[in-house]
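Heads up: the structure comes next, in structure tokens.
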Amino acid sequence: MPEENITSVLTEKRTFSPLDSFIKQANLKKEEYERLLLKANTNFEGFWSDLALENLHWFKKWDKVLEWNEPFSKWFTGGKVNVSYNCLDRHLEKKSNKTAIIWIGENEEKRSVTYSELYEEVCKFSNVLVQLGIKEKDRIVIYMPMVIEAVVAMLACTRIGAVHSVVFGGFSTEALADRINDSKARMVITADGSYRRGQIVPLKLNVDEALKKCAAVEKVIVTQRSKNNIEMKSGRDYWYHEVISKASGDFKAKELDSEQPLFTLYTSGTTGKPKGILHTTAGYILWTTLTTKWVFDIKDSDVYWCTADIGWITGHSYVVYGPLSCGATVVIYEGAPNYPDWGRFWKTIQENKITIFYTAPTAIRAFMKAGLEWVKKYNLSSLRLLGTVGEPINPAAWMWYQKNIGNEKCPVVDTWWQTETGGILITPIPGITSTKPGSATFPLPGIFADVVDQNGKNIHGDQGGYLVVKKPWPSMIRTIYGDDERYKETYWKRIKGAYFTGDGAKKDKDGYFWLLGRVDDVIKVSGHLLSTMEVESSLVNHTAVAEAAVVGYPHEIKGEALCAFVVLKQDSVNKDHHLLSEELKKHVAKEIGPVAKPDQIKFTESLPKTRSGKIMRRLLRDIASGKQTVGDTTTLEDAGVLEKLRTQEEE
Ligand code: WT7
């Protein structure tokens, strides 16, 4: 085994071929893969048409595979389909007693439901929604912990044709209110509270606060989880267990148009305002189903665990929709990875005999730091496949994962994708692709991803460029909810004729893709995509702050961390900087959520700006990461600012 300390992708020479034993049993085998690649190249629509027929249940077949008016796509138009039907009804004949979900609470509670039980609960809840006045295309915000009822709520929306928007339970009141208002939701589904590291997160209280600013919300449904004291507003708030106990267990899935909106999910953009990424029905469920089969090699006997929260796209596509559509057994865990200790994940794998495990590089790095003794305590021999997602995985973390968690026998799939792509686009296929630690390897069949320069010209050799996708794919973003212009502007202006991902990448001499991170002011902190702009506007909302600039800098575990440069208002400059710094961190945590809290705050009299008034973030990034500035500083309006910032102590 080569040593583990090679971290630069430039020097990465190791490759790992799939084991024969894995190849033999793989869902997607080489001959079929090559046939698919060829078909996608020679008959693009035929390729998608075959897959859609083979992998989904249709009430009515489509008339047209693709209507493409760049940048707007419509897939399988004229077809009728239902996502919850594909995730539930179609499994009932053969798998009604198979476990669909194993839920594990932070306090060791455990509960599971079979496919027929989940089906019945979803039917009941669909009836509840309709009885409370929800109609097709109404928006419903789901703000819940990782509990079975959250999955029920999502599936019930899809059953009746309502559009869900799941808001991560770690977001606070302001962020929640913004998302409720932007989606014009009529209903919020929440819980009294959830557990996080032994503390109760007061979800319902946050909803009550948010709703003071959200006039359109008429009804709130509350599941009971933590039994903390909450107020129920009569005529508006309903207990889940009360309304569902009276509902009928029959509800025929609605026959919905292929392009019926399925959900919106908010993600950070380069401006302060989050973007509501819109996904629609048929194309999304097709691609999440297919990728679950191909990339996770899902089998009937598997126990599959993706550790993502349902508040993120990974939770949508690979906790709920992809695996359930494949009829898999899915584990969901409510709490923190290190609660009550750093053995929690490994204990969960041992106790539930988990076979497929999918998590984020930031978590892997945190486990590396916590130490191997936590891993060694548990028997992980049930595992047969490992995956990562969310950011580039450094080769050292990849090697640690492959060796210590996978015992050198599990393929590791480093899956590249985005909220916007709906499902995995670039990844190894476990029974086919030889992996290189740190590389997401190749685009899947049907996905025409490439690396180009700013003129859209292909880049070869080891040079970096922009990662783009040159043809539409079924699970692609349809638009930014309510803002077609912003959709065009963000994804289709930069590179002519291609979808711009916002990521940098390069291809090596063997054609392997290496992801190089974001090229704009959106950064990844602990796997959460954050807009530095959004954190800035939150800081400026504080009474003491005149101006703020937020940048990312490399961080050993989080991947990137946030540094805020803050100019105080005149009447606050003499306040205690240490106290103020703590106060500002709390303020951001309260407004956006704890993930957005800056790690460092530096107070300054002014920010380095160009003569035209643009903040020179490149310079701030250098300062935050402790680098000497090498680039051009001649456009600076006041060169003295930099020197002052550099010599200043951290607050
Ligand atoms: C951004 C999208 C994909 C679901 C979770 C994140 C980064 C994601 C990888 C990977 C390198 C990755 C990209 C991308 N990213 N996966 N395997 N290797 N970078 O969804 O929050 O929309 O973030 O995450 O920068 O653009 P998201």
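Remember, it's 1-based here, ligands and their atoms both numbered in the order they're listed. Predicted model, so just to flag it, every value in this text is computed and none were measured.
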Looking only at protein heavy atoms, which one is nearest to [atom], and what is the separation?
| atom | value |
| --- | --- |
| atom 4 (C) of ligand 1 | T314 OG1, 3.2 Å |
| atom 11 (C) of ligand 1 | P392 N, 3.0 Å |
| atom 3 (C) of ligand 1 | W417 O, 3.0 Å |
| atom 22 (O) of ligand 1 | T419 OG1, 2.5 Å |
| atom 14 (C) of ligand 1 | D503 OD2, 3.3 Å |

Proximal atoms of ligand 1 relative to [X] (non-hydrogen, under 4.0 Å):
| X | answer |
| --- | --- |
| L515 | 11 (C) |
| L529 | 21 (O), 22 (O), 23 (O), 27 (P) |
| I313 | 4 (C), 20 (O) |

Salt bridge between [X] and [Y], side-chain N to carboxylate O under 4.0 Å?
| X | Y | result |
| --- | --- | --- |
| K273 | D178 | no |
| R486 | E489 | no |
| E70 | K496 | no |
| E420 | K275 | yes |

Within reach of ligand 1, part of [X] (heavy-atom separation under 4.0 Å):
| X | result |
| --- | --- |
| Q418 | both |
| A440 | neither |
| T415 | backbone |

> Would you say G390 has any N or O atom under 3.5 Å from an N or O of ligand 1, going by distance alone?
Replying inline: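 Right, the criterion is met.
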> Backbone or side chain, does any N or O of T501 fall under 3.5 Å from an N or O of ligand 1?
Replying inline: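 No, since none of the N or O atoms of T501 sits under 3.5 Å from an N or O of ligand 1.
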>> As an exercise, state the distance from CZ of F263 to SG of C157, rounded to the nearest 0.5 Å.
In response: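 Rounded to the nearest 0.5 Å, the CZ-SG separation comes to 12.0 Å.
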> About how many Å separate CH2 of W75 and CE of M476, when rounded to the nearest 0.5 Å?
Replying inline: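 M476 CE to W75 CH2: 8.5 Å, rounded to 0.5 Å.
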> According to the interplanar angle, ranging from 0 to 90°, do the rings of F72 and Y487 count as parallel (below 30°), tilted (30 to 60°) or perpendicular (above 60°)?
Replying inline: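 Taking Y487 first and then F72, their aromatic rings sit tilted (interplane angle of 30° to 60°).
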>> Can you tell me how the ring of H164 sits relative to the ring of Y321, calling it parallel under 30°, perpendicular over 60° and tilted otherwise?
In response: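 Parallel.
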> At the 4.0 Å heavy-atom cut-off, does W312 count as touching ligand 1?
Replying inline: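 Flag not set, W312 not near ligand 1.
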> Given V166 and H316, is the side-chain contact (heavy atoms from CB on, under 4.5 Å) satisfied, shown in steps?
Replying inline: CA-CA 9 Å; V166 183; H316 285 57; 3.6 Å; yes
> What are the two closest heavy atoms between S538 and E591, and how far apart are they?
Replying inline: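 Here S538 and E591 meet closest at OG-OE1, 3.1 Å.
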> If you measure from atom 24 (O) of ligand 1 to every heavy atom of R518, E391, K275, K524, which option wins on shortest distance?
Replying inline: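 Shortest heavy-atom distance from atom 24 (O) of ligand 1: K524.
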